[in-house]
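Just below is one structure, and these are the notes that go with it.
The first residue of the sequence shown is numbered 1, and numbering continues consecutively from there.
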Amino acid sequence: MTRFNGCIDLHNGKVKQIVGGSLSDASPSELKTNFVSKETPKYYAELYKKFDVTRCHVIKLGPNNDTAAREALGAWPQGLQVGGGITSDNALQWIEYGASKVIVTSYLFPDARFSKARLEDLCRRVGKERLVVDVSCRKRDNRWIVAMNKWQTMTDMEVNQETLAMLSEYCSEFLIHAADVEGLCNGIDQELVEKLGEWVTIPTTYAGGGKSIDDLALVDRLSQGKVDLTFGSALDIFGGNGVGFEDCVQWNKEHGSTMQ
């Protein structure tokens, strides 16, 4: 069954919810922010821990987020995954800081081209069970293409059954942001979720466009229970009014993921 997994998105050291497609190094003034929390990363980590919302991810969107990420990890050692700027050189350090797993995208795509050698090296260093591959993507010509560098740069990898099967040999989990709908609260990418249900063989969390508690049941149906869902901007703990955190916790109590 599909379950709710939490997120802590960090931007300039603050917990924020942003419109994913608005991130741009070239035009930072174009960033569209839905929510800036008054609470600390520690607060959210402790909240997820209290209600046993496991497999939550802490994402560092750009620089100046290491201290905030470590604060969250310190509040729930081995309870949170961390991503953003992860490389072979620092992955083990983040495990030592308390991350249950490290999440990697951009490092696997030097010059926007996939490097299997980097994936193999990272897997050797941290172990398959500690590695999550983020294949966040944008839709181009009816295909989903992996987007890196805060979803600004398109890579040479298409998200499909073949690539996911190959990647799953080296990681224990996928995180997939549908960057085109991330932060818009206008609904999930139903076609992508349905395809992921056909393709994935390891635990997978989808993020992007969730707007209602009913989306958990929708993702469960579309993916045949193989894909989990995270809510961001629509969630009340992030200033939203579409989804109640307590309702998500209750869903998890009543439903268990079949792919943990």
Counting N and O atoms only, with roles assigned by atom type, does the side chain of [X] sit under 3.5 Å from a partner on the main chain of [Y], one being a donor and the other an acceptor?
X      : Y      : answer
Tyr44  : Ile237 : yes
Asn5   : Thr230 : no
Asn252 : Phe51  : no
Ser223 : Val193 : no

Report the distance from atom [atom1] of [X] to atom [atom2] of [Y], rounding to the nearest 0.5 Å.
X      : Y      : atom1 : atom2 : result
Glu173 : Asp228 : CD    : CG    : 8.0 Å
Phe245 : Leu235 : CZ    : CG    : 7.5 Å
Ile8   : Ser37  : CD1   : OG    : 10.0 Å
Leu73  : Lys42  : CG    : NZ    : 13.5 Å
Asp134 : Thr205 : CG    : OG1   : 10.5 Å
Lys116 : Cys123 : NZ    : SG    : 11.0 Å

Contact check, side chains of [X] and [Y], non-hydrogen atoms, under 4.5 Å:
X      : Y      : answer
Ile176 : Cys137 : yes
Asn90  : Tyr97  : no
Arg3   : Thr54  : yes
Leu167 : Met157 : yes
Glu96  : Gln93  : yes
Trp94  : Arg70  : yes
Phe114 : Thr155 : no
Trp199 : Thr163 : no

Within the supplied structure, the quantity of interest is the number of heavy atoms (other residues, nucleotides, ligands) at a distance under 6.0 Å from Glu162 CD; does it exceed 12?
no
Option passing side-chain contact (heavy atoms from CB on, under 4.5 Å) with [X] (candidates [options]):
X      : options                : result
Phe174 : Leu196, Val132, Leu164 : Leu164
Val133 : Leu119, Thr105, Val146 : Leu119
Pro41  : Val58, Asp9, Leu10     : Leu10

Side-chain ion pair, [X] and [Y], N-O less than 4.0 Å:
X      : Y      : value
Asp189 : Lys139 : no
Asp180 : Arg138 : yes
Arg124 : Asp121 : yes

Check the pair Glu39 / Val15 against side-chain contact (heavy atoms from CB on, under 4.5 Å), numbers first and verdict last.
CA-CA 8 Å; Glu39 304 291 351; Val15 177; over 6 Å; no
Looking at every non-hydrogen atom in both residues, tell me the closest pair between [X] and [Y] and how far apart they are.
X      : Y      : value
Leu192 : Tyr206 : CD2-CE1, 4.0 Å
Ala91  : Val102 : O-CG1, 3.6 Å
Met154 : Ile145 : CE-CB, 3.4 Å
Gly6   : Val53  : N-CG1, 3.6 Å
Ala72  : Leu80  : O-CD1, 3.5 Å
Val227 : Gly197 : CG2-N, 4.2 Å

In Lys101, Lys128, Arg130, the residue satisfying side chain to side chain donor-acceptor pair (under 3.5 Å) with Ser172 is Lys101
For residues 211-221, which residue pairs qualify under salt bridge (Lys or Arg N to Asp or Glu O under 4.0 Å), counting only residues two or more places apart or in two chains?
none
Applying salt bridge (Lys or Arg N to Asp or Glu O under 4.0 Å), which residue pairs with at least one partner in residues 232-246 are found, sequence neighbours left out?
none
Apply side-chain contact (heavy atoms from CB on, under 4.5 Å) to the pair Glu191 and Trp144, showing each step before the final yes or no.
CA-CA 10 Å; Glu191 186 179 359; Trp144 290 277; 3.6 Å; yes
Please say yes or no: joined through hydrophobic side-chain contacts below 4.5 Å, possibly via intermediate residues, are [X] and [Y] part of one cluster?
X      : Y      : answer
Trp251 : Leu222 : yes
Leu131 : Met166 : yes
Ile213 : Phe238 : yes

Assess whether side-chain contact (heavy atoms from CB on, under 4.5 Å) is satisfied between His255 and Thr2, documenting all intermediate values.
CA-CA 7 Å; His255 306 82; Thr2 292; over 6 Å; no
So Cys171 and Ile202, side-chain contact (heavy atoms from CB on, under 4.5 Å) or not? Walk me through it.
CA-CA 9 Å; Cys171 68; Ile202 60 176; 3.8 Å; yes
With sequence neighbours left out, what residues match Phe35 under ring pair (Phe, Tyr, Trp, His ring centres under 6.0 Å)?
none
